[in-house]
2 protein chains.
Amino acid sequence: MRRPKKERQQALKDTIRDNPFVTDEELSVEFDVSVQTIRLDRMELAIPELRERIKHVAVKTFEDEVKSLPIDEVIGEIIDIELDKKAISIFDVKPEHVFQRNQIARGHHLFAQANSLAVAVMNEELALTVKSELQFLRPVTAGQRVVAKAEVIDSHPEKNRAFVKVVSAVDQVTVFIGTFEMYRMTEQSEGDEK
Amino acid sequence: MRRPKKERQQALKDTIRDNPFVTDEELSVEFDVSVQTIRLDRMELAIPELRERIKHVAVKTFEDEVKSLPIDEVIGEIIDIELDKKAISIFDVKPEHVFQRNQIARGHHLFAQANSLAVAVMNEELALTVKSELQFLRPVTAGQRVVAKAEVIDSHPEKNRAFVKVVSAVDQVTVFIGTFEMYRMTEQSEGDEK
DNA sequence: CTGATGTTAGTACCAAGTGCTAATAGCGGG
DNA sequence: CCCGCTATTAGCACTTGGTACTAACATCAG
């Protein structure tokens, strides 16, 4: 099934994109040409060798991993915090956070930033969200920086409850408001921080 | 700065964990021992060679990519959907979704599942969340499967608005309730039911 | 002094290439 | 039918980052 050069090169591109882990040897079998032809094709198409391809994928993952680690704790970056009072975090909206269609940030990212900030501002290691009311006032698009300000507006330590209000803004314009009823998981016997 | 074997091997492990892209050559310089010693150390510690390490990272990323693609669209997996009426999705809570401390799922994951399901059930490509009220009734822990059921309870096509109620349960027990006011971004020009 | 442990050196070999030269095949036009 | 062109194939030297193995030390303890 020898196909003409151009067609083969297109197929080659696709094959390697789908599976970067394939060797020239394997490709030569698949396309029924010599290894050298595969190499020439790769050169013409500027496709790097197997090891470089793999490395590229790995580096990408590695960088992503570093990026997603802090995300696990708090979505966005906390730039100011006063425990039990208020906190501020920023979150840069990237292409992966938006609907492809219209570039508008998906609601759960704004929620995640606000909610994790609400958790962080509580002077508790184990705060849980009980209830919450959200308003998505304006769409946020990729490239924008969301500044979320959380404020503890009402605290009932005896009931292990607190209310946190989070207001998020882009360029001073409010885009999101959320109120969170939080539950403190630790009893108010002090000093059992860990 | 030659340290005893044991100490060096521990440091070696850490170094490679932090940066899997380092060669034996570079390590031998860093620890001021011969390349052979590094190789012996790696063998004792069962650490694979550079290329295998890189490949491992790459494969991981590659698999994750496949996994995270649908996640970008809908958090959880849609198992049933009737456009403009109702939809069901399941979401398996994994270790990365919970607080390390108490294994309880972070709120924004439950929200994300519910919110993206609310978006999906709308018979619109471009639905946005306007307002939302949430109740986190019971904590969800790693290993549990959350089944979210979304229902369009009120639709005002003329105002481009709709209300969606999502109830999430683990083993038939309700753990989360959310109501979402959604905005349809497209004009209701045609009756394109599907 | 002997032995065990740890370290270093050196060789052969491997995979998956690059870079280069040279031969050959196939085909189209004049 | 031959000329020239492109495409393909072959072969060789060399590269990286190793494995596998052997052999030579070094150091210290008993």
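Just so it is clear: chains get the letters A, B, ... in the order the sequence lines come, proteins before strands, and each one is counted from 1. Everything numeric in this text was worked out from a predicted model, so none of it was measured.
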Rounded interatomic separation in angstrom, taking [atom1] from [X] and [atom2] from [N]:
X	N	atom1	atom2	result
E26(A)	dA15(C)	CD	P	13 Å
Q36(B)	dA23(D)	CD	C1'	12 Å
I38(A)	dT9(D)	CD1	C1'	12 Å
R53(A)	dA15(C)	CZ	P	18 Å
I54(B)	dA16(C)	CD1	P	15 Å
K55(B)	dA15(C)	NZ	P	13 Å
L27(A)	dA16(C)	CG	C1'	12 Å
L12(B)	dT7(C)	CG	C1'	15 Å

Quick check on contacts: within residues 40-50 of chain B, what sits under 4.0 Å from DNA chain D by heavy-atom distance?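 R42(B), E49(B), L50(B), in order of number.
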Quick check: do F136(A) and I104(A) have side-chain heavy atoms less than 4.5 Å from each other?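 A side-chain contact under 4.5 Å is absent here.
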Is V121(A) close to V152(A) at the side-chain level, that is, under 4.5 Å between some pair of heavy atoms?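 They are in side-chain contact.
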Hey, does the side chain of T37(A) come within less than 4.0 Å of dT9(D)'s phosphate (OP1/OP2), counting only N and O?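 For dT9(D), OP1/OP2 do have a side-chain N/O of T37(A) under 4.0 Å.
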Base dA15(C) paired with R51(A) side chain (donor-acceptor, <3.5 Å):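 Result: at least one qualifying N/O pair found.
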Are T129(A) and S132(A) close enough that a side-chain donor and a side-chain acceptor fall under 3.5 Å?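 S132(A) and T129(A) do not have a side-chain donor-acceptor pair below 3.5 Å.
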Compute whether any side-chain donor of one residue and acceptor of the other, for S89(A) and Q113(A), lie under 3.5 angstrom apart.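 Yes.
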Which nucleotide in the set dG17(C), dG18(D), dG6(C) lies at the smallest distance from any side-chain heavy atom of R39(B)?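 Closest of the options to the side chain of R39(B): dG18(D).
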Checking contacts here: which listed nucleotide (dG11(D), dG17(C), dT8(C)) is nearest the side-chain heavy atoms of D24(A)?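 In terms of side-chain proximity for D24(A), the closest of dG11(D), dG17(C), dT8(C) is dG17(C).
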Between the main-chain N or O of T141(B) and the side-chain N or O of Q144(B), is there a donor-acceptor pair closer than 3.5 Å?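 Flag set: sc Q144(B) to bb T141(B) pair under 3.5 Å.
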Is F163(A) isolated, or which residues cluster with it under the ILVMFWY side-chain rule of less than 4.5 Å, directly or via members?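 Besides F163(A), the cluster holds I153(A).
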Quick check: closest heavy atoms across A148(A) and L117(A), and the distance to 0.1 Å?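 A148(A) and L117(A) have their closest heavy atoms at O-CD2, 3.5 Å.
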